[in-house]
Student: 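Structure in structure tokens, see below.
Worth saying up front: this structure is predicted, and the values here are computed from it rather than measured.
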Amino acid sequence: LRNHAVLMRRQQKLPEAEQSVREATSMAEALYGRDHRYAMAARATLALVLGVNASGKRDEAIAILRELVATCNRVAEQQDNPGCVTYQHNLGHQLSQRRDFGAASAAFDGAEAWARRLFGDEHFQVGVIQIRRGQLLLEMGRPQEALDALAEGERRYVGGGQAAHATLW
């Protein structure tokens with residue numbers, strides 16, 4: 001159901017996507033418990049669907065992502081969950097779309113710190129977050145800081161990405 005929801009989202013069939021992912025979330029929470037990685041991933045997919053501009057449900061998406069980040073920080077089993085990087089990153093993106101730049105910046109700070117702790121300073125995921133931060137800084141009217149962040153992000157994305165893929169195989 002979660003994969004079906006992602007497909008429906010890509011096709012802009014938002015009501016179908018939302019229904020599928022809500023069903024997947026309910027099933028995952030019933031089977032594994034609310035704080036399990038699978039249930040959290042299902043809620044993150046729900047936030048992704050709800051965060052699409054056309055859905056008009058960005059506030060609900062932000063609330064879900066904030067709750068996921070809080071769970072990541074509260075539950076010991078989540079301390080090594082790579083999904084927690086994504087939840088914070090996506091929270092920053094949703095907040096920047098709402099033009100809540102201070103909160104978005106704080107979310108990106110958290111995502112970057114989590115990524116560095118889990119993956120290392122040069123990992124491509126750190127670069128992805130830095131690129132997103134550069135985009136945020138541009139929106140905030142801080143072009144020089146944006147260029148610096150974008151350059152660092154690109155360096156890590158290209159260099160860290162190659163290193164990361166080599167270690168997977």
Student: Between Pro82 and Phe119, which heavy-atom pair has the shortest distance, and what is it?
Tutor: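 Closest approach of Pro82 to Phe119, heavy atoms only: CB-CZ, 3.8 Å.
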
Student: Just verifying a value: how many Å separate Leu46 CG and Leu68 CG, rounded to the nearest 0.5 Å?
Tutor: 9.5 Å

Student: Under the criterion side-chain hydrogen bond (donor to acceptor under 3.5 Å, both in side chains), I'd like the reasoning laid out for Asn90 against Gln94: C-alpha separation, chi angles, the key distance, then a yes or no.
Tutor: CA-CA 6 Å; Asn90 290 351; Gln94 291 299 325; over 6 Å; no

Student: Using the test side chain to side chain contact (heavy atoms under 4.5 Å, CB included), find all partners of Ala149 that sit at least two apart in sequence or belong to another chain.
Tutor: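 Listed in chain order: Leu137.
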
Student: In Å, rounded to the nearest 0.5 Å, how long is the span from CD of Gln130 to CZ of Arg156?
Tutor: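 The distance works out to 4.5 Å.
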
Student: Quick check for you: to the nearest 0.5 Å, what is the distance between Phe124 atom CZ and Ile129 atom CD1?
Tutor: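 Going from the CZ atom of Phe124 to the CD1 atom of Ile129 covers 10.0 Å.
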
Student: Nearest 0.5 Å, please: how far is CE in Met140 from CZ in Arg99?
Tutor: 10.0 Å

Student: So, the side chain of Arg43 versus the backbone of Arg34: is there a donor-acceptor pair under 3.5 Å, distance only?
Tutor: yes

Student: Would you call Glu18 and Lys57 a salt bridge, taking side-chain N to carboxylate O under 4.0 Å as the test?
Tutor: yes

Student: Ser105: what forms a side chain to side chain contact (heavy atoms under 4.5 Å, CB included) with it, not counting sequence neighbours?
Tutor: Asp109, Arg133, Leu136

Student: Using only atom types and a distance under 3.5 Å, with no angle test, would you say the side chain of Asn81 pairs donor to acceptor with the backbone of Glu77?
Tutor: no

Student: Could you measure the distance from the OG1 atom of Thr71 to the OH atom of Tyr87? Nearest 0.5 Å is fine.
Tutor: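 That separation rounds to 9.5 Å.
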
Student: Treating Ile, Leu, Val, Met, Phe, Trp and Tyr as nodes and any side-chain heavy-atom pair under 4.5 angstrom as an edge, say whether Phe108 and Trp114 lie in one connected cluster.
Tutor: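 Yes, because Phe108 and Trp114 connect within a single hydrophobic cluster, where side-chain heavy atoms sit under 4.5 Å apart.
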
Student: Applying side-chain hydrogen bond (donor to acceptor under 3.5 Å, both in side chains) to Thr25 and Glu29, what does each step give before you reach the verdict?
Tutor: CA-CA 6 Å; Thr25 300; Glu29 288 177 353; 5.9 Å; no

Student: Short question: side chain of Gln79, backbone of Cys72 - any donor-acceptor pair under 3.5 Å?
Tutor: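 Yes; judged by distance alone, with no hydrogens or angles, the pair exists.
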
Student: Does any donor atom in the side chain of His93 or Arg132 lie under 3.5 Å from an acceptor atom in the other side chain?
Tutor: yes

